[in-house]
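Everything below concerns the one structure shown next.
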Amino acid sequence: MADSFSLQNVLDNFKSCLNDHKEVCLKYYISGWRELVSFMNSLGSVFAFISKDAVNKIQILENFLTGENGTHYVTVQSMVKYELDNELVDLTKRGSHPESGCRTLLRLHRALRWLQLFLESLRTSTEDSKTSVMCSDAYNASLAQHHPWLIRKATGMAFCALPGRDTFFEVLNAGSHEEVVTLLGEALPLISEVYQITEDVSPRQNKAEEG
Ligand code: 1PZ
């Protein structure tokens with residue numbers, strides 16, 4: 001669906017993400033990520049290893065949501081409660097639940113922090129700003145601290161293949177540069193709110209993630 005990508009779709013999903021109780025609906029969280037992945041795919045095959053990992057994690061969450069215990073996976077809040085109450089979260093990767101919803105969500109949650117930092121620097125960038133620098137600065141301030149050396153190197157190389165700022169704005173498919181900047185200004189508070197609410201969900205969740 002690379003050709004149907006637009007920044008507006010990302011914004012719409014994150015807008016729908018929070019319900020009346022300020023809970024994060026997994027369905028829209030997943031759709032938002034799917035949009036972002038389709039955007040990344042349109043940037044070229046050098047990002048395939050990133051997109052593969054993201055798709056894999058999105059799929060794990062989707063399988064929970066559509067699976068037999070799906071009612072517990074409607075929101076991030078209900079998912080965390082369900083998995084913790086039922087001891088479905090492992091402290092180590094070698095445990096019996098290596099792909100819990102909590103663990104998987106945490107990976108995407110950290111990536112959302114990267115996205116937030118990157119889009120904010122894109123929004124406030126000037127003509128001579130470099131997308132590769134913005135991307136890697138955001139990465140170093142977020143995801144990098146959770147990735148081993150090899151992944152950091154591969155990711156750094158992929159960033160060098162990013163298109164320049166002008167092309168990047170075009171691929172975002174939201175009109176003129178000014179319009180993109182305006183839309184980013186609308187999308188960012190929504191993304192930040194979803195990030196923050198997820199972050200606040202459960203102090204136990206962070207402890208329960210490693211592995
Ligand atoms: C626009 C350019 C795209 C830049 C993307 C920046 C994010 C770099 C993420 C690099 C991930 C490298 C591949 C595999 C990583 C996994 O080891 C980790 C940990 O998972 P585990 O091994 O513990 O199961 N996976 C992640 O950290 C999740 C990464 C999700 C990346 C989503 C990026 C979406 C980009 C949207 C573009 C607008």
Side-chain angles (χ1 to χ4, degrees), residues 1-2 5-11 13-14 29-62 89-95 97-123 125 129-165 167-174 180 183-184 187-188 191 194-195 198 205-206 208-211:
M1 299 249 294
F5 171 84
S6 83
L7 185 59
Q8 184 69 51
N9 292 342
V10 176
L11 184 136
N13 278 303
F14 281 101
Y29 192 87
I30 289 172
S31 302
W33 275 111
R34 282 216 188 276
E35 281 296 327
L36 289 163
V37 167
S38 90
F39 171 73
M40 192 163 52
N41 288 341
S42 72
L43 294 177
S45 56
V46 77
F47 299 98
F49 76 104
I50 303 176
S51 136
K52 208 174 145 200
D53 186 70
V55 167
N56 180 265
K57 290 181 166 50
I58 293 166
Q59 197 58 54
I60 292 173
L61 292 179
E62 195 153 277
V89 184
D90 277 326
L91 292 173
T92 67
K93 200 169 189 170
R94 265 162 280 142
H97 309 288
E99 293 190 336
S100 65
C102 285
R103 173 190 194 282
T104 305
L105 180 91
L106 186 61
R107 301 304 185 270
L108 293 177
H109 175 62
R110 289 169 176 164
L112 196 65
R113 174 74 184 147
W114 164 80
L115 185 77
Q116 192 190 341
L117 295 174
F118 173 61
L119 292 184
E120 178 57 20
S121 87
L122 195 65
R123 186 182 75 84
S125 63
S129 303
K130 286 193 166 20
T131 46
S132 56
V133 174
M134 292 187 264
C135 228
S136 66
D137 284 352
Y139 177 72
N140 290 334
S142 58
L143 274 175
Q145 45 200 294
H146 304 288
H147 287 164
W149 180 86
L150 192 65
I151 300 269
R152 292 203 305 271
K153 287 289 148 195
T155 303
M157 279 159 72
F159 288 158
C160 295
L162 278 173
R165 183 173 171 271
T167 311
F168 206 93
F169 271 64
E170 273 164 40
V171 189
L172 283 170
N173 191 19
V180 172
L183 204 55
L184 285 174
L188 270 158
I191 292 175
V194 169
Y195 178 85
T198 309
Q205 185 190 350
N206 282 332
E209 55 85 18
E210 279 319 324

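Read the numbers this way: they start at 1 and go in the same order the structure lists the ligands and their atoms. The residues of the chain are indexed from 1 along the displayed sequence.
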Practice task
Start with the C-alpha gap between Phe168 and Phe39, add the side-chain angles, then the distance that decides, and say whether ring-ring contact (aromatic ring centres under 6.0 Å, His included) holds.
Solution key: CA-CA 10 Å; Phe168 206 93; Phe39 171 73; 5.4 Å; yes

Completion exercise
Here the pair of heavy atoms bringing Trp33 nearest to Ile58 is CB-CD1, 3.6 Å

Problem - N or O pair under 3.5 Å between Tyr139 and ligand 1 - result: no

Exercise for the section: Measure from the side-chain N and O atoms of Arg152 to the backbone N and O of His147, and report whether any donor-acceptor pair falls under 3.5 Å. Expected result: yes

Exercise for the section: Heavy-atom contacts with Phe159 under 4.0 Å: which atoms of ligand 1 show up? List them by number with element. Expected result: 4 (C), 6 (C)

Practice task
Decide whether Gln59 and Arg34 meet the rule of one side-chain donor and one side-chain acceptor closer than 3.5 Å.
Solution key: yes

Practice task
Could you tell me which atoms of ligand 1, counted from 1 in the order shown, lie closer than 4.0 angstrom to a heavy atom of Thr155?
Solution key: 8 (C), 10 (C)

Handout entry: For Met40, atoms of ligand 1 separated by under 4.0 Å from a heavy atom
Key = 3 (C), 34 (C), 35 (C)

Practice task
Ignoring angles and geometry beyond distance, decide whether Trp33 reaches within less than 3.5 Å of ligand 1 through its nitrogen or oxygen atoms.
Solution key: no

Practice task
Show your working on side-chain contact (heavy atoms from CB on, under 4.5 Å) between Arg103 and Asp90 and close with a plain yes or no.
Solution key: CA-CA 8 Å; Arg103 173 190 194 282; Asp90 277 326; over 6 Å; no

Handout entry: Part of Val37 within contact of ligand 1 (heavy atoms, under 4.0 Å)
Key = neither

Handout entry: Side-chain (Arg107) to main-chain (Asp53) donor-acceptor, under 3.5 angstrom
Key = no

Problem - Option from Asn9, Ile191, Leu188 for which side chain to side chain contact (heavy atoms under 4.5 Å, CB included) with Phe14 holds - result: Ile191

Completion exercise
Among Asp53, Leu36, Val46, closest by heavy atom to atom 16 (C) of ligand 1 is Asp53

Practice task
Return the orientation label for the Trp114 and Phe159 ring planes: parallel under 30°, perpendicular over 60°, tilted otherwise.
Solution key: parallel

Problem - N or O pair under 3.5 Å between Trp114 and ligand 1 - result: no

Exercise for the section: Select one of side chain, backbone, both or neither to describe which atoms of His147 lie under 4.0 Å from any atom of ligand 1, heavy atoms only. Expected result: side chain

Practice task
Determine whether the side chain, the backbone, both or neither of His146 has a heavy atom under 4.0 Å from any heavy atom of ligand 1.
Solution key: neither

Fill in the blank from the handout: Near Leu43 (heavy-atom distance under 4.0 Å), the atoms of ligand 1 are 1 (C)

Completion exercise
Quick look: Arg103 vs ligand 1, heavy-atom contacts under 4.0 Å, and the answer is side chain

